[in-house]
Amino acid sequence: MELRYFAWLRERVGTGHEVVETEAATVSALVEELRARSEAHAFALSDLTSVRVAVDQQLVDFDASISEAREVAFFPPMTGG
Amino acid sequence: MELRYFAWLRERVGTGHEVVETEAATVSALVEELRARSEAHAFALSDLTSVRVAVDQQLVDFDASISEAREVAFFPPMTGG
Amino acid sequence: MSIRVQDAAFDMGAELNAFSQALADNGVKAGAIVSFCGVTRDVAEGDLDAMVIEHYPGMTEAALGDIRAQAMARFSLAGAMIVHRYGRLAAGEIIMMVATAAPHRADAFAGAEFLMDYLKSRAPFWKKEITTRGESWVDAKDTDEAALKRW
Amino acid sequence: MSIRVQDAAFDMGAELNAFSQALADNGVKAGAIVSFCGVTRDVAEGDLDAMVIEHYPGMTEAALGDIRAQAMARFSLAGAMIVHRYGRLAAGEIIMMVATAAPHRADAFAGAEFLMDYLKSRAPFWKKEITTRGESWVDAKDTDEAALKRW
């Protein structure tokens with residue numbers, strides 16, 4: 001599964017893109033796996049109130065299924081415009 | 001006193017500008033005098049619900065004083081923009 | 001110039017850029033710029049030949065200046081401009097334009113809407129439509145007068 | 001093109017004219033054209049050196065296209081466009097622009113405000129401010145999220 005990180009999540013994780021093997025069924029389960037992956041991941045994903053997630057480029061909630069997902073992205077609330 | 005007419009009031013009166021001698025104290029009194037001035041005036045000023053008035057280029061009500069007025073203008077509701 | 005009443009056509013893009021540039025030249029910091037342009041449009045399908053706009057020279061400029069000053073104060077605008085044409089316009093020509101600038105977008109939008117609402121009902125312009133079937137003065141809309149009530 | 005995401009600077013006046021011209025070329029009758037432009041502005045007095053905008057290629061275009069389609073349908077717009085830059089911008093540069101066209105001004109204004117409200121909180125852009133004192137990611141504002149509730 002392709003993972004993408006943007007803005008300060010990218011900076012904290014240390015990369016904007018990585019590929020992981022996962023059996024996680026939901027975004028929340030994936031987050032738990034990622035927190036165990038490295039201290040950087042744990043730090044980046046420590047407070048989910050300021051993290052948004054997109055599955056295959058669609059904004060979703062953390063309980064969304066990722067069983068069919070090709071790409072999951074984590075990023076802060078958006079600040080465009 | 002200088003009188004000005006715009007849009008269909010100008011067309012109905014037959015002129016956009018005329019100078020009158022008047023002792024009228026208010027716009028309403030002036031309107032009464034003008035209605036007696038000609039059939040064209042009477043026609044133009046027959047229905048005041050669709051007439052607006054400015055005294056010295058300020059929008060006013062028909063009971064406004066014109067004792068100090070230099071210029072009175074009659075016109076339909078505005079349709080700019 | 002913040003208020004212009006003219007018979008000549010104007011380029012709305014050039015006006016927008018000039019408005020923005022004038023703010024920058026004066027060191028005015030405004031994050032949000034809103035513009036509105038009004039275009040003559042057909043009244044019925046394809047039969048508008050032209051529109052003739054009459055105005056009240058002197059009062060027009062005074063009324064627009066007053067409306068602009070109210071908008072500047074009420075919405076803390078960094079800038080505001082109004083250009084309005086008079087005379088004969090072909091279908092599809094730009095009739096008028098307003099632009100506002102403010103630190104925040106809500107004020108820039110509200111300022112432009114306020115300018116338009118007041119300009120429609122309080123600035124001495126009158127439109128006459130010249131169609132293939134004849135000429136007629138445009139009636140003021142009740143909705144335009146009603147629009148003032150929200151401010 | 002109705003949706004553009006680009007690193008290159010653009011000319012807002014030229015964009016506005018091109019938007020209007022494209023409508024006219026397609027025979028679209030719209031009496032009202034509204035534009036909004038966002039400009040990088042100093043966070044504190046005079047200390048913003050630059051702004052860096054990051055985005056999510058692919059999702060950005062899809063999100064903007066979806067927001068535009070919603071606005072077109074909801075406000076019966078005759079046209080709508082969005083241009084948004086990414087990369088490094090100097091203070092005073094244009095970040096983004098939206099423009100809408102509609103038969104009536106209320107729809108053109110509402111459409112542009114809708115585009116802006118959704119773009120701010122639902123399109124994947126993130127701003128980082130580079131100041132004389134360092135770098136920091138711009139925090140999302142509660143007011144921007146709250147602005148969505150009115151629609």
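Residue numbering restarts at 1 for every chain, and letters A, B, ... go by the order of the sequence lines. The figures that follow rest on heavy atoms only: side chains count, while hydrogens, waters and symmetry mates do not.
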Check: Of the listed residues (C:Gly13, C:Ser20, C:Ser35), which shares the most heavy-atom pairs with chain D below a 4.5 Å separation?
Finding: C:Ser35
Check: Under a 4.5 Å heavy-atom cut-off, does chain C meet the side chain of D:Ala32, its backbone, both or neither?
Finding: both
Next item on the list: Among the options C:Asp117, C:Ile94, C:Val98, C:Thr100, pick out the one with the most heavy-atom pairs lying under 4.5 Å from chain D.
Entry: C:Asp117
Margin query: Does C:Asp25 have more than 12 heavy atoms from other residues, nucleotides or ligands lying within 6.0 Å of its CG?
Written below: yes
Item checked: Distance in Å, D:Thr143 OG1 paired with C:His104 NE2, rounded so as to fall on 0.5 Å steps -> 8.5 Å
Note to self: Give me the atom names and distance for the closest heavy-atom approach of C:Asn17 to D:Ala14.
What the structure shows: ND2-N, 4.3 Å
Notebook entry, point to check: Looking at C:Glu113, C:Met97, C:Glu15, which makes the most heavy-atom pairs under 4.5 Å with chain D?
Noted result: C:Glu113
Check: Any idea which heavy atoms bring C:Val39 and D:Ala30 closest together, and the distance?
Finding: CB-O, 3.7 Å
Next item on the list: Can you measure from SG (C:Cys37) to CG (D:Leu16) and round to the nearest 0.5 angstrom?
Entry: 5.5 Å
Notebook entry, point to check: Do you know which two heavy atoms are closest between C:Asp144 and D:Arg105, and how far apart they sit?
Noted result: OD1-NH1, 3.1 Å
Notebook entry, point to check: Would you call the rings of D:Phe109 and C:Phe109 parallel, tilted or perpendicular if under 30° counts as parallel and over 60° as perpendicular?
Noted result: perpendicular
Next item on the list: Step through the shown structure and confirm whether more than 12 heavy atoms of other residues, nucleotides or ligands are within 6.0 Å of CG on C:Asp142.
Entry: no
